[in-house]
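What follows is a set of notes on a single structure, which appears directly below.
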Number of protein chains: 2
Amino acid sequence: MSQTVDTLLKLRELILNGELAPGQRVSELTMVDRLGVSRTPVRAALVRLESEGLLEPLAQGGHAVARFTEQDLRDAIEVRGVLEGLAANFAARRGAESQALDALRACVDAIDAALGADAPILERFSQYVALNERFHGYIVDLAGSPLLKRQLARASALPFASPSGFVMAQAATPEAMAVLATAQAQHRAVLEAIEDRDGGRAEAVMREHARLAHQNLRRALRNRAAMGQLRGAALIDFETT
Amino acid sequence: MSQTVDTLLKLRELILNGELAPGQRVSELTMVDRLGVSRTPVRAALVRLESEGLLEPLAQGGHAVARFTEQDLRDAIEVRGVLEGLAANFAARRGAESQALDALRACVDAIDAALGADAPILERFSQYVALNERFHGYIVDLAGSPLLKRQLARASALPFASPSGFVMAQAATPEAMAVLATAQAQHRAVLEAIEDRDGGRAEAVMREHARLAHQNLRRALRNRAAMGQLRGAALIDFETT
DNA sequence: TAAGAACCCCCTGTATACAGGATGTCTCGA
DNA sequence: TCGAGACATCCTGTATACAGGGGGTTCTTA
């Protein structure tokens, strides 16, 4: 693996794990010492992470770890929602070629199976997360727009904005399975709408589907312990309530 | 001005003006010779332009000028549409503080004045473009979401996706003033919806407003001469019709 | 003449040296 | 004791040297 990619991965991990505090300056030389590569790959990684939104540029030059408010989380979810809604709309209108649509159908069936399986909650949850990621991936592929795909990737780069961001954070709550069942009902509805070439319905349901994350966020906030499960939770600034 | 910023600006200009052909490799050393700076700023500019979508990464390393299909243009417009729709929705729901809303009102009034003025068509058009940019800027500011603002900036980075991208391209057509009048009616409707705190209406109208660009695109395509007016037209690959 | 191999050149990835600017601290004087 | 000035330090911006890899071209041989 190239130094640049390696550095990017490690640095992203440091930020997401909270080993670098939000607002803290991230100097190139510090990271050179810490990661054992030269300034060049570090520099490249910093620029990249800035464009991902995990770092923000400092006025006097250099970068600092980004800091997010609860409002930002909600906005990020909403932004992903409209983009995924558009993707579902495209998928429906552009008519899936049968084989790709088959994969989507199989995916939804697999989620049913995973939820119904007689396995420990945590295992069912992690299976759900994997399949859910796949579902969302299929939708954006079916949309057939590289441009939209790029934009959506950007919107989901912030971990708490991604489709499965909050799922694991509430595996321990009592309503856990019920929320997953609701989500799965929406998956089916989206699939149905795409099969019917009903772009409007596909978009509306998909957008509503994203809003489940709002509920999950609220629930996680009520139970701060669950926030520990949320990747990137360290970046959230709670004091501005 | 720093070398990096300067290089970024110049390189972006070269691409948009079509001096670098779509698909063409952009090697660092070539640009070093052409722009008279060292590899470091060139490198930084290349990474930046890749994240803007104007360059695409090559599998074997390096970058090439991006190439867009007509479908891409339509998708880009639609993506901007949903994001601006969301921004209008936020603006309406989060209730504008009076002073910011006043600025929006003044802007819409100014567009009325510009359209009604007794000036040459071209002058009225360029005034419209400036005020239109301002209107769209106010909307995203009123939305009060730095995250959405960033995402929208990204979506409008491609020149033909920006709010005024196609306006100048059709200043010469007979329907020119009529299109502007339609657009202005929508501006008023959005303003009204925001004043009424009607997020749904604001969003719907704003999204429809973006779709005017679709019409403008069609009209420009019918009249290839007009495409010359379109910034970044050189990047469009027409053969894949 | 054709095919294969070797060679050369171009290009990126990586490291590092150097300069200029901002910041913070220490010391000296009032 | 407080303030101001000078100095040291840290950090980024910039240039450039070096290495390794890939592709094209040319030369040689069958």
Side-chain angles (χ1 to χ4, degrees), chain A residues 1-16 18-67 150 153 157 235, chain B residues 1-15 18-67 146 150 153 157 235:
Chain A
M1 181 172 313
S2 84
Q3 302 282 47
T4 304
V5 175
D6 193 41
T7 304
L8 177 62
L9 261 34
K10 282 180 179 158
L11 202 43
R12 192 191 281 129
E13 220 48 36
L14 286 181
I15 296 172
L16 257 22
E19 298 187 46
L20 300 172
Q24 179 185 339
R25 178 172 201 162
V26 183
S27 96
E28 297 176 6
L29 288 181
T30 310
M31 290 306 128
V32 165
D33 290 343
R34 190 151 179 178
L35 300 178
V37 295
S38 81
R39 278 183 65 199
T40 310
V42 169
R43 214 179 158 73
L46 290 177
V47 172
R48 214 114 201 160
L49 289 170
E50 180 193 331
S51 91
E52 281 184 24
L54 254 29
L55 292 178
E56 43 196 32
L58 255 30
Q60 70 270 32
H63 300 269
V65 178
R67 163 200 310 271
R150 259 180 69 92
L235 303 179
Chain B
M1 182 172 313
S2 85
Q3 303 282 47
T4 303
V5 174
D6 192 42
T7 303
L8 177 62
L9 261 33
K10 282 181 181 159
L11 201 42
R12 191 191 281 129
E13 221 49 35
L14 286 181
I15 295 172
E19 298 186 46
L20 300 172
Q24 179 186 337
R25 178 173 200 162
V26 182
S27 95
E28 297 176 6
L29 288 180
T30 311
M31 291 305 129
V32 165
D33 290 343
R34 190 151 177 179
L35 300 176
V37 294
S38 81
R39 278 182 65 201
T40 309
V42 169
R43 214 179 160 72
L46 290 177
V47 172
R48 213 114 201 161
L49 288 169
E50 179 193 333
S51 91
E52 280 185 24
L54 255 28
L55 292 178
E56 42 196 32
L58 256 29
Q60 70 271 32
H63 300 268
V65 178
R67 163 200 311 270
R150 260 180 70 93
L235 303 180

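Within every chain, numbering begins at 1; the chains are lettered A, B, ... in the order of the sequence lines, protein sequences first and strands thereafter.
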>> Run the side-chain contact (heavy atoms from CB on, under 4.5 Å) test against A/Val47 and tell me which residues pass, sequence neighbours left out.
In response: B/Val47, B/Arg48
>> Would you compute the distance between atom CD of A/Gln24 and atom CG of A/Leu55 and round it to the nearest 0.5 angstrom?
In response: 11.0 Å
>> Going by the rule salt bridge (charged side-chain N to carboxylate O under 4.0 Å, His left out), which residues pair with A/Arg150 if we only count those two or more places apart in sequence or in a different chain?
In response: none
>> Quick test of your reading: applying salt bridge (charged side-chain N to carboxylate O under 4.0 Å, His left out), list the pairs with at least one residue in residues 52-63 of chain A, sequence neighbours left out, ordered by first then second residue.
In response: A/Arg12-A/Glu52
> Can you name the side-chain contact (heavy atoms from CB on, under 4.5 Å) partners of A/Ser2, sequence neighbours left out?
Replying inline: A/Thr4, A/Val5
>> Need the bend value for the helix from C/dT1-D/dA30 to C/dA30-D/dT1: angle between end axes, 5 pairs each end, nearest 10°.
In response: 10°
> Taking atom P of D/dG21 as reference, at what distance in whole Å does atom CG of B/Leu58 sit?
Replying inline: 19 Å
> Reading nucleotides 7-17 of chain C from the 5' end, what letters show protein touch, with B for base, S for backbone sugar-phosphate only, - for no heavy atom under 4.0 Å?
Replying inline: ----SBBBBBB
> What heavy-atom pair brings B/Leu54 and B/Leu235 nearest, and what distance separates the two atoms?
Replying inline: CD1-CD1, 4.3 Å
> Quick one: side-chain hydrogen bond (donor to acceptor under 3.5 Å, both in side chains) pairs with a partner in residues 37-47 of chain B, sequence neighbours left out?
Replying inline: B/Glu28-B/Arg39, B/Glu28-B/Arg43
> To the nearest 0.5 Å, what is the distance between NE2 (A/His63) and CE (A/Met31)?
Replying inline: 12.0 Å
